[in-house]
Asker: 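Next up is a structure, given as structure tokens.
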Amino acid sequence: MASKVNNTSKSSKTAAENKAEKKPAATKNTATKATDKKPTASKIATASKKPAAKKPAEASKPNAATAENKTAKKILFVTAEAFPFAGTGGLGEVAGSLPKALNNVGADCRVIMPLFGSIAEKYRQKMTYIGQTHVMVGWRNQYCGLFSLTNDGVTTYFVDNEYYFKRDGIYGHFDDGERWAFFCRAVLEAIPLVGFKPDVIHSNDHATALVPVYYKTEYASRYGYNGIKNVFTIHNLEYQGCYPSFILGDVFGIAEHDRWIVDFNWELNCVKGAIESADKVTTVSPTYAKEIQTPERGYGLHDILCRNAGKLSGILNGVNVEEYNPEKNTSIAKHYSAADTSGKTECKAALKKECGFEDDKPIVAVISRLAGHKGLDLVKGLLEREWLGRANIVILGTGEKYLEDFFAWYGGSHKSAKTFITYNKDLAHRIYSGADMFLMPSGSEPCGLSQMMACRYGTIPIVRRTGGLADSIHDCRSGGGNGFVFDDYTVEALCDTVNAAIDLYYKKEWKELMLRAMNCDFTWDRSAVEYMRLYE
């Protein structure tokens with residue numbers, strides 16, 4: 001619902017008077033006047049030196065890899081989150097890895113995201129102040145500051161407005177419709193200011209879904225904006241950005257004659273608008289692209305997606321192979337590789353000690369958000385049947401309370417089980433490296449990254465055939481393959497598949513399976529090449 005915010009356009013000062021004053025505070029809350037103070041160095045750039053504003057044409061130089069390649073495809077990657085700056089899950093991982101991979105294959109890809117209050121000071125100190133503009137959010141004229149930072153070869157632009165972004169958490173605020181409308185317009189308004197006109201704007205998920213809508217309805221015909229293609233990626237169709245229909249003009253600033261673009265089921269649906277407006281629509285796996293065109297997985301938008309099937313495709317995500325690398329990871333007990341897997345034995349011994357396991361049975365791992373649709377209700381059913389006579393199980397994650405309570409109780413009352421109700425990345429690496437099998441029996445999974453991470457450590461995935469799991473894991477029982485796959489969403493199917501994996505664990509073929517899993521190509525470079533084809 002629309003929130004009540006200060007209308008900065010009601011200042012009594014003239015434009016000439018404002019021009020004579022000092023530049024605005026870079027992190028100034030929009031509840032104050034937008035033309036009062038210079039950028040606050042202690043808050044944004046450095047503790048001792050004010051960041052120097054650059055001319056728009058010099059706002060951010062191209063990445064080194066593309067500085068001399070004037071024909072490089074220019075991509076503006078729009079996201080609500082990106083690691084290492086801010087993130088909650090899969091989208092943050094993608095935004096933290098894909099732009100770098102695109103640059104590695106010849107693109108000039110830059111990221112734009114909000115300047116959240118949670119972004120660490122070590123990054124803020126390195127940011128460069130570019131300048132400021134104003135963004136219309138319905139009738140509101142809101143301050144927008146812009147900063148840039150080049151990290152790990154990727155230039156990221158940060159959109160500053162404390163009223164919208166200096167809050168706890170990225171999503172779930174009462175005025176999210178207004179916050180994301182501001183950000184989406186700010187992305188487009190920032191293009192001339194940063195001096196980087198992209199060939200392609202690549203937006204991601206519901207928070208950025210209005211970018212292709214605004215471009216199609218307003219910006220495509222503006223001077224300097226012509227010829228930009230829009231790509232929109234659906235990371236999880238369950239989240240669509242739905243808001244009350246009456247905020248169309250008041251908050252979104254969309255004309256009544258364009259209502260049809262976002263109107264759906266008596267609401268404003270941002271993802272529906274992006275599907276209608278973008279030149280290309282992608283999902284994070286080929287199978288998921290097919291699934292969302294069905295009533296079972298389309299969350300109401302299957303007909304819209306079927307109508308736009310000609311521009312819909314799926315590209316499987318990759319993983320950060322440098323971070324999830326048993327040859328180099330500093331969190332694990334012993335380094336190892338596909339050429340020499342002996343270190344995995346020491347990693348398993350260390351994990352057994354950490355979990356208190358006393359026997360040498362195979363270790364089955366679960367690293368997941370504890371939610372029913374992740375298949376954790378199947379795991380719960382498996383444990384309730386006292387299946388664990390043949391293996392130990394370690395569970396790491398947080399989520400729905402009934403699952404947290406059950407797994408905490410089970411791990412505390414069974415010597416063959418250990419539960420960690422938390423999320424700790426170092427612990428996750430130790431579990432990946434020390435476990436023998438990785439359980440991921442999801443009811444639905446747009447892509448999934450954990451099964452690929454497990455493969456990197458030679459920990460064999462056991463997955464249900466859905467979404468990205470079907471595209472990344474292939475059943476070894478049908479020849480070759482890098483894991484175990486089952487179809488029926490039942491405890492019986494899961495139990496049978498786990499038992500088949502345990503049977504193979506004691507045979508010489510297990511080592512061959514480990515090596516196939518570790519040698520799978522889950523790099524982002526593979527995905528980046530596919531995106532580059534899509535951008536053409």
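Remember, it's a predicted structure, so these values are computed and weren't measured experimentally.
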Asker: One thing to verify: whether R465 and E291 come together as a salt bridge, which I'm taking to mean a side-chain N less than 4.0 angstrom from a carboxylate O.
Answerer: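 Here E291 does not pair with R465 in a salt bridge, since their nearest N and O are not under 4.0 Å apart.
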Asker: Have N236 and Y299 got a donor and an acceptor in their side chains that come within less than 3.5 Å?
Answerer: no
Asker: Minimum heavy-atom separation for L312 to A289, with atom names?
Answerer: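 Minimum heavy-atom separation between L312 and A289: CD2-O, 3.7 Å.
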Asker: With a 4.0 Å cut-off on N to O distance, would you call E218 and R185 a salt bridge?
Answerer: yes
Asker: Can K126 be said to sit on top of F158's aromatic six-ring, NZ or CZ under 6.0 Å from centre and within 45° of the ring axis?
Answerer: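 Not satisfied by the 6.0 Å and 45° rule.
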Asker: Step by step, would you call F77 with S203 a side chain to side chain contact (heavy atoms under 4.5 Å, CB included)?
Answerer: CA-CA 6 Å; F77 195 87; S203 306; over 6 Å; no
Asker: Hey, are E445 and R464 close enough for a salt bridge, meaning a charged N less than 4.0 Å from a carboxylate O?
Answerer: no
Asker: Parallel under 30°, tilted from 30 to 60°, perpendicular over 60°: which one fits the rings of F252 and Y243?
Answerer: perpendicular
Asker: Could you tell me if T287 and D471 have a donor-acceptor pair between their side chains, going purely by distance under 3.5 Å?
Answerer: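 Yes, a side-chain donor-acceptor pair sits under 3.5 Å.
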Asker: So that I can tick it off, tell me whether D152 and K100 are bridged by a salt bridge, with the cut-off set at under 4.0 angstrom between side-chain N and carboxylate O.
Answerer: yes
Asker: Under a 4.5 Å cut-off applied to non-hydrogen side-chain atoms, are W180 and P114 in contact?
Answerer: yes
Asker: Using a strict threshold of under 4.0 Å (side-chain N to carboxylate O), is an ion pair present between D175 and R167?
Answerer: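 Between D175 and R167 there is a salt bridge, with a charged N closer than 4.0 Å to a carboxylate O.
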Asker: Is the closest side-chain donor-acceptor distance between T523 and D525 under 3.5 Å?
Answerer: no
Asker: Checking side-chain contact (heavy atoms from CB on, under 4.5 Å) between I234 and each of L305, V284, L301, N204, which is the one that passes?
Answerer: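 Considering L305, V284, L301, N204, a side-chain contact (heavy atoms from CB on, under 4.5 Å) with I234 is found only for L305.
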Asker: Below 4.0 angstrom, N of the basic side chain to O of the carboxylate: do D250 and R140 qualify?
Answerer: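 Yes, charged N to carboxylate O under 4.0 Å.
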Asker: Compute both the distance and the angle, then confirm whether R179 meets the cation-pi test with F165: under 6.0 Å from the six-membered ring centre, within 45 degrees of the axis.
Answerer: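 The answer is no; the distance or angle limit is not met.
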Asker: May I ask you to check whether E404 and T398 show a side-chain donor-acceptor distance below 3.5 Å?
Answerer: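 Note: E404 and T398 side chains miss the donor-acceptor criterion.
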Asker: Using a strict threshold of under 4.0 Å (side-chain N to carboxylate O), is an ion pair present between E530 and R533?
Answerer: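 Answer for the salt bridge query: no.
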Asker: Got P198 and I191 here, is their nearest side-chain heavy-atom distance under 4.5 Å?
Answerer: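 Of all side-chain heavy-atom pairs linking I191 with P198, at least one is under 4.5 Å.
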Asker: Check the angle between the aromatic planes of H202 and Y535 and answer parallel, tilted or perpendicular using the 30° and 60° thresholds.
Answerer: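 H202 vs Y535 ring planes: perpendicular.
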Asker: Quick one: is the NZ or CZ of R222 closer than 6.0 Å to the six-membered ring centre of Y219, and within 45° of its axis?
Answerer: yes
Asker: Are D405 and K401 ion-paired here, with the side-chain N under 4.0 Å from a carboxylate O?
Answerer: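 Salt bridge flag = yes for K401 with D405.
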Asker: Check whether any side-chain heavy atom of V251 lies under 4.5 Å from a side-chain heavy atom of E178, and answer yes or no.
Answerer: yes
Asker: If every non-hydrogen atom of S148 is compared with every non-hydrogen atom of I130, which pair is closest and at what distance?
Answerer: CB-CD1, 3.7 Å
Asker: Would a 4.5 Å heavy-atom cut-off, applied to side chains only, mark N226 and K197 as touching?
Answerer: yes
Asker: Taking atom types as modelled, is there a side-chain donor on T466 or S444 under 3.5 Å from an acceptor on the other?
Answerer: no
Asker: Salt-bridge test for E400 and R369: reply yes if a basic N is under 4.0 Å from a carboxylate O, no otherwise.
Answerer: no
Asker: Is there side-chain contact between F147 and V159, with heavy atoms separated by less than 4.5 Å?
Answerer: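 In short, these two side chains do not touch, never coming nearer than 4.5 Å.
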Asker: Does a donor on one side chain and an acceptor on the other come within less than 3.5 Å for T133 and E189?
Answerer: no
Asker: Looking at F196, I'd like to know if the NZ or CZ of R110 sits under 6.0 Å from its six-membered ring centre while staying within 45 degrees of the ring's axis.
Answerer: yes
Asker: Side-chain contact test, heavy atoms from C-beta onward, threshold under 4.5 Å: evaluate it for Y531 versus V231 and give yes or no.
Answerer: no
Asker: Aromatic contact between F85 and Y123, with the criterion being ring centroids under 6.0 Å apart: yes or no?
Answerer: yes
